[in-house]
Protein chains: 2
Amino acid sequence: MATPVSAVHPHSAGLRERKKQKTRDALVDAAHRLFLQQGYAKTTVDEIAASVEVSQRTFFRYFANKEEVALAVLADAEETFLELLRGRPAAESPLEAMRGAVRQVWHSLDQGRVAERGTVTGALELFELIESTPTLLAAHLRHTLHQEVEVARVLADREGLDPAVDLRPRLLAAVFGTVVRLSHLSYAAAPDQHGHCMDGMLSLIERHFDQLGPALAGSWR
Amino acid sequence: MATPVSAVHPHSAGLRERKKQKTRDALVDAAHRLFLQQGYAKTTVDEIAASVEVSQRTFFRYFANKEEVALAVLADAEETFLELLRGRPAAESPLEAMRGAVRQVWHSLDQGRVAERGTVTGALELFELIESTPTLLAAHLRHTLHQEVEVARVLADREGLDPAVDLRPRLLAAVFGTVVRLSHLSYAAAPDQHGHCMDGMLSLIERHFDQLGPALAGSWR
DNA sequence: AGCCATTATGTCAGTCGCTGACAATCGACA
DNA sequence: TGTCGATTGTCAGCGACTGACATAATGGCT
């Protein structure tokens, strides 16, 4: 989870912690590799655990279920997004702040930050895996929903609103999530047409946002 | 699935079909009852099958998994919604058509139509069950997503657009789905304040729609 | 260095969701 | 009534996941 505060001691918070982080990372890597190689369903948890030389029971002490290990990188990215959003200047409008935070997430992903395992191409492979795996898609949508709730909370805080009363934060968070999701889909459908890099994705998101107004307009002709 | 064409023969399409429909309905009813009574997780498929005096194997011939039997009623309602949407006058704008179709769904639900097992109070109980059950919520969100794709297709047809090129149908369908979902949540959070009937739900949806413009506006102050 | 409390890991047994294969049974239709 | 195809039950088995208990590794303390 994006490395806590820690790093105050010379051996970066004890051997124990480092070791745990290492096996956790190894599990995520192995799982990712196996899933992409032979598919999600055909990969057993035993297989993942064995390839890291750990018992199945240990696997389930790190991850609540098979889906979680697949979506772990995304969870980190989402966490990062929330922190970046909280850090945006208060003068920005909610929408500006979110656009800005998205740009920042992709930039840090591009520089190999975000739990060091995340890369732009890696993220795209993962999206593809998720979209083609019903169980993963379902789990991912549930996480997305949770993320929307968190985003709405941040937005409400920024504007000094009560999210239980005012629906706008929740509504904007949901709309924003949808736009980003559709952008990912469009990109994945034809990566070649968008330059294979972060900028392609970002300009795609911008274009989708520009369609939001027209889409809600009365008539489309 | 909302009774096919059928009903051409005196004994409504053969004894065989009727019997199948009967056990299917019985399974859905039993499952629904058990889920609400003792929770989704604590109810085994064996239990459901046994209470209808059918083997577990037969259960899985009717439903692909445990989630499906819980969401079956919703699937029917969604199917109905699509049909109603297709039937809306072509003169209506996309948004008007969708609002109209939603009203119609709740009306037919209120009159005990929609696969005869759906009632308004029953639907609300189901929503509550879904929201409080992670696996069910995930499966439901996946179905919702699929429904959005279908809705977008219908909207594109109505306007003579190509959904692969023009993003507006998909975008509007998603936004609409979000609004309806948030309305259900608001309603479920405080059913007493909304009159316990279909009209309460409908006016709530209208109010949420009215917030959409302001939510997307630049500033919220 | 040696000991102890804590914590991570392994093993084992068991439940539950779900599937393929085969045999038995039931409804449709000549 | 007898045949054909569809529906069902039985059985065996896989894989995800969990609780309980034993074992080892680690970090702090003297």
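Letters A, B, ... are given to chains in the order of the sequence lines, protein chains preceding strands, and every chain is numbered from 1.
Along DNA chain D, the nucleotide nearest B:Arg16 and the nucleotide nearest B:Glu53 are compared for position; the residue whose nucleotide lies closer to the 5' end is B:Arg16. Each of B:Thr44 and A:Val54 lies near DNA chain C, and the nucleotide nearest A:Val54 is the one positioned closer to the 5' end. With the nearest nucleotide of DNA chain D identified for both A:Arg61 and A:Val45, A:Val45 has the one nearer the 5' end.
Remark: B:Glu47 does not engage B:Lys42 in a salt bridge, criterion side-chain N to carboxylate O under 4.0 Å. The existence of a salt bridge linking B:Glu83 and B:Arg86 is excluded, since no basic side-chain nitrogen approaches an acidic carboxylate oxygen closer than 4.0 Å.
Atom CD of A:Gln56 is separated from atom C1' of D:dT18 by 10 Å (rounded to the nearest Å). Between the NZ atom of A:Lys66 and the C1' atom of D:dT18 there is a distance of 17 Å, rounded to whole Å. Computed from coordinates, the B:Glu17 CD to D:dT8 P distance equals 11 Å when rounded to whole Å.
Residue B:Thr43 is classed as a sugar-phosphate contact, given heavy-atom separations below 4.0 Å to backbone atoms only. Contacts of B:Tyr62 with the nucleic acid, taken as non-hydrogen atoms under 4.0 Å apart, involve only primed sugar atoms and P, OP1 or OP2. Heavy atoms of B:Ser55 sit under 4.0 angstrom from at least one base atom.
Reading DNA chain C from its 5' end, the first and the last nucleotide to sit under 4.0 Å from a heavy atom of chain B are C:dC16 to C:dA28.
Around the CD atom of A:Gln37, the shell of radius 6.0 Å holds more than 12 heavy atoms that belong to other residues, nucleotides or ligands.
Residues A:Ala70 and A:Leu126 come closest through the heavy atom pair O-CD1, 3.6 Å. When all heavy atoms are compared, the tightest approach of B:Tyr40 to B:Lys66 is O-NZ, 3.1 Å.
Here D:dT18 is the nucleotide among D:dG15, D:dT10, D:dT18 with the atom lying nearest to any side-chain atom of A:Phe60. Among the nucleotides D:dA20, D:dT8, D:dT26, the one closest to any side-chain atom of A:Lys19 is D:dT26.
For A:Arg103, the salt bridge (charged side-chain N to carboxylate O under 4.0 Å, His left out) partners two or more places apart in sequence, or in a different chain, are A:Glu206.
The ring pair (Phe, Tyr, Trp, His ring centres under 6.0 Å) pairs that include a residue from residues 139-158 of chain B number zero, where partners must be two or more places apart or lie in different chains.
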